Protein chains: 2
Amino acid sequence: MGRMSVGERRSALVAAAFTVIATRGLPAASIRTIVAEAGMSLASFHYAFTSREELLDVLIAETTASERSAVLPGQISGHSLHDLFAEGLGGYLEHLRARPEREQAMLELTQYAVRSRPDLAREQYGAYQEIALATLELVAAETGCQWLVPAPTVARLLVYLTDGLTIGWLVDRDTDAARATIEAAARALSTLART
Amino acid sequence: MGRMSVGERRSALVAAAFTVIATRGLPAASIRTIVAEAGMSLASFHYAFTSREELLDVLIAETTASERSAVLPGQISGHSLHDLFAEGLGGYLEHLRARPEREQAMLELTQYAVRSRPDLAREQYGAYQEIALATLELVAAETGCQWLVPAPTVARLLVYLTDGLTIGWLVDRDTDAARATIEAAARALSTLART
DNA sequence: GTCTATACACCGATAGAC
DNA sequence: GTCTATCGGTGTATAGAC
């Protein structure tokens with residue numbers, strides 16, 4: 001492996017780590033398998049990071065927010081509140097179906113963070129909720145509706161649903177059931193606002 | 001350690017494994033730490049189980065359903081649909097607050113199963129949904145209401161919410177926010193039936 | 001600066017003493 | 001039947017050659 005800056009090496013290792021976690025799971029993501037995935041020697045890892053733990057910290061901080069924010073909105077245009085919820089959650093389900101390994105990896109990283117890096121987990125979860133909140137406020141402004149419960153509460157409910165949908169679909173891969181549940185959720189959620 | 005039947009030994013090891021996972025996480029639950037928790041010698045493990053994997057299979061099969069079913073209903077008596085949802089989810093939140101390590105362990109076992117024992121995960125998730133469904137049908141019979149969407153779909157939505165609530169509260173431990181979200185969820189869910 | 005070689009701890013699993 | 005002792009393998013991390 002040729003000469004790389006520390007920054008390049010770190011990026012390459014973070015990307016390789018995510019690939020390994022997505023394809024084989026977090027327990028399989030040892031330093032050895034990560035450097036193998038990145039095509040580096042074992043020792044070069046500790047030239048870029050002081051420990052495996054440090055790499056996981058960076059991985060969580062860099063991926064969680066960007067990954068999830070990339071998923072949400074799409075464009076907004078004049079539909080009903082029900083349709084906006086249904087399209088938003090339906091779009092997420094399509095993303096999940098297209099790249100299940102990615103969301104599985106996110107879930108494993110969240111689990112690890114809750115256990116071993118609680119502050120980091122909290123921070124990322126907060127960022128995630130703010131994205132949901134911003135989307136909801138955009139929706140409210142667009143459709144001219146008003147929330148009957150505080151918007152942050154609706155945002156949190158949306159996050160609950162998204163996490164639950166992720167686990168549920170990853171477990172049984174029942175897309176039809178997931179779609180029907182999204183439809184019911186959209187119907188229920190849309191009653192939390194008045195036009 | 002005195003003489004025990006294989007059955008006793010298996011039970012003791014399963015219980016010890018759950019304790020270790022709850023307190024220190026699944027990655028820490030090696031055969032060595034499990035037998036230490038159970039006060040046994042290392043070799044006695046393989047007298048009761050052929051492998052660590054086999055113990056985890058038994059652990060998942062035995063705990064998942066019983067753990068979650070023990071949480072749900074309580075008694076039902078003449079409240080509105082809204083109140084029944086709110087009390088059901090609120091009761092689960094109280095259980096989560098009282099024993100966060102247990103639900104954290106359940107989540108880690110689910111994650112492990114999804115990755116390494118997909119059939120087992122599916123089976124347990126199905127059992128979990130059936131419990132939710134049975135509860136909903138009991139509720140419908142009690143309140144005399146009728147679901148506007150299929151009951152299994154409502155059950156799945158309830159499972160999504162429970163899983164999302166679990167992750168959310170474990171991450172930020174914000175009980176007030178969780179309670180407010182449960183209230184909103186109950187309000188939204190109760191619109192899925194007519195009296 | 002980057003590699004190979006290695007130190008040392010812990011893993012799952014088993015052999016063999018008692 | 002139950003233990004101690006040990007095997008082969010892998011983990012993280014580092015020393016030392018180049």
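Below, chain A is the first sequence line, B the second, and so on; all start at residue 1. Computed over heavy atoms, backbone and side chain alike; hydrogens, waters and symmetry mates excluded. Remember, it's a predicted structure, so these values are computed and weren't measured experimentally.
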Notebook entry, point to check: To the nearest 0.5 Å, what is the distance between CH2 (A:W169) and CG (A:L93)?
Noted result: 7.5 Å
Item checked: Among D:dT12, C:dA13, C:dC3, the nucleotide that comes nearest once only the side chain of A:S41 is considered -> C:dC3
Next item on the list: Over 60° means perpendicular and under 30° means parallel, so classify the ring planes of B:Y125 and B:Y128, tilted if in between.
Entry: perpendicular
Item checked: Lys/Arg N to Asp/Glu carboxylate O, A:E54 vs A:R10, below 4.0 Å -> yes
Check: So does A:R24 pair up with A:E101, basic N to acidic O under 4.0 Å?
Finding: no
Check: Is any side-chain nitrogen or oxygen of B:S44 closer than 4.0 Å to OP1 or OP2 of D:dT2?
Finding: no
Next item on the list: Please list every stem that involves DNA chain D, where a stem is a run of 3 or more consecutive Watson-Crick or G-U wobble pairs with both pairing distances under 3.5 Å.
Entry: C:1-18 with D:1-18
Next item on the list: Specify the separation, in whole Å, of atom CD of B:E8 and atom P of D:dT2.
Entry: 10 Å
Checklist line | Distance (rounded to the nearest 0.5 Å) between B:E103 CD and B:I167 CD1 | finding: 11.5 Å
Checklist line | d(CG, B:L42; P, D:dC3) in whole Å | finding: 11 Å
Next item on the list: Would you classify A:Y47 as touching base, sugar-phosphate or nothing, given that sugar-phosphate means primed atoms plus P, OP1 and OP2, and contacts are heavy atoms under 4.0 Å?
Entry: sugar-phosphate
Item checked: Distance, rounded to the nearest Å, where B:R52 contributes CZ and C:dC11 contributes P -> 10 Å
Check: Atom CE of A:M4 and atom P of C:dC3: how far apart are they, to the nearest Å?
Finding: 10 Å
Checklist line | For atom CZ of A:F49 and atom P of D:dA13, their distance in whole Å | finding: 13 Å
Next item on the list: Decide yes or no, distance alone: a donor-acceptor N/O pair under 3.5 angstrom between the base of D:dG11 and the side-chain of A:R32.
Entry: yes
Note to self: What is the distance, to the nearest angstrom, from the CG atom on A:L13 to the P atom on C:dT2?
What the structure shows: 12 Å
Item checked: Candidates D:dA13, C:dA13, D:dG11 - which lies nearest the side chain of A:I31 -> D:dA13
Check: So, the side chain of B:T143 versus the backbone of B:L81: is there a donor-acceptor pair under 3.5 Å, distance only?
Finding: no
Checklist line | Gap between atoms CZ and C1', on B:R24 and C:dC10 respectively (whole Å) | finding: 13 Å
Notebook entry, point to check: So does A:R9 get a side-chain nitrogen or oxygen closer than 4.0 Å to the phosphate oxygens (OP1/OP2) of C:dG1?
Noted result: no
Notebook entry, point to check: Which one, D:dC3, D:dT14, C:dA13, comes nearest to the side chain of B:A43?
Noted result: D:dC3
Notebook entry, point to check: To the nearest angstrom, how far is B:I34 atom CD1 from C:dC10 atom C1'?
Noted result: 14 Å
Item checked: Expected output: side-chain B:S116 to main-chain B:A113 donor-acceptor under 3.5 Å -> no
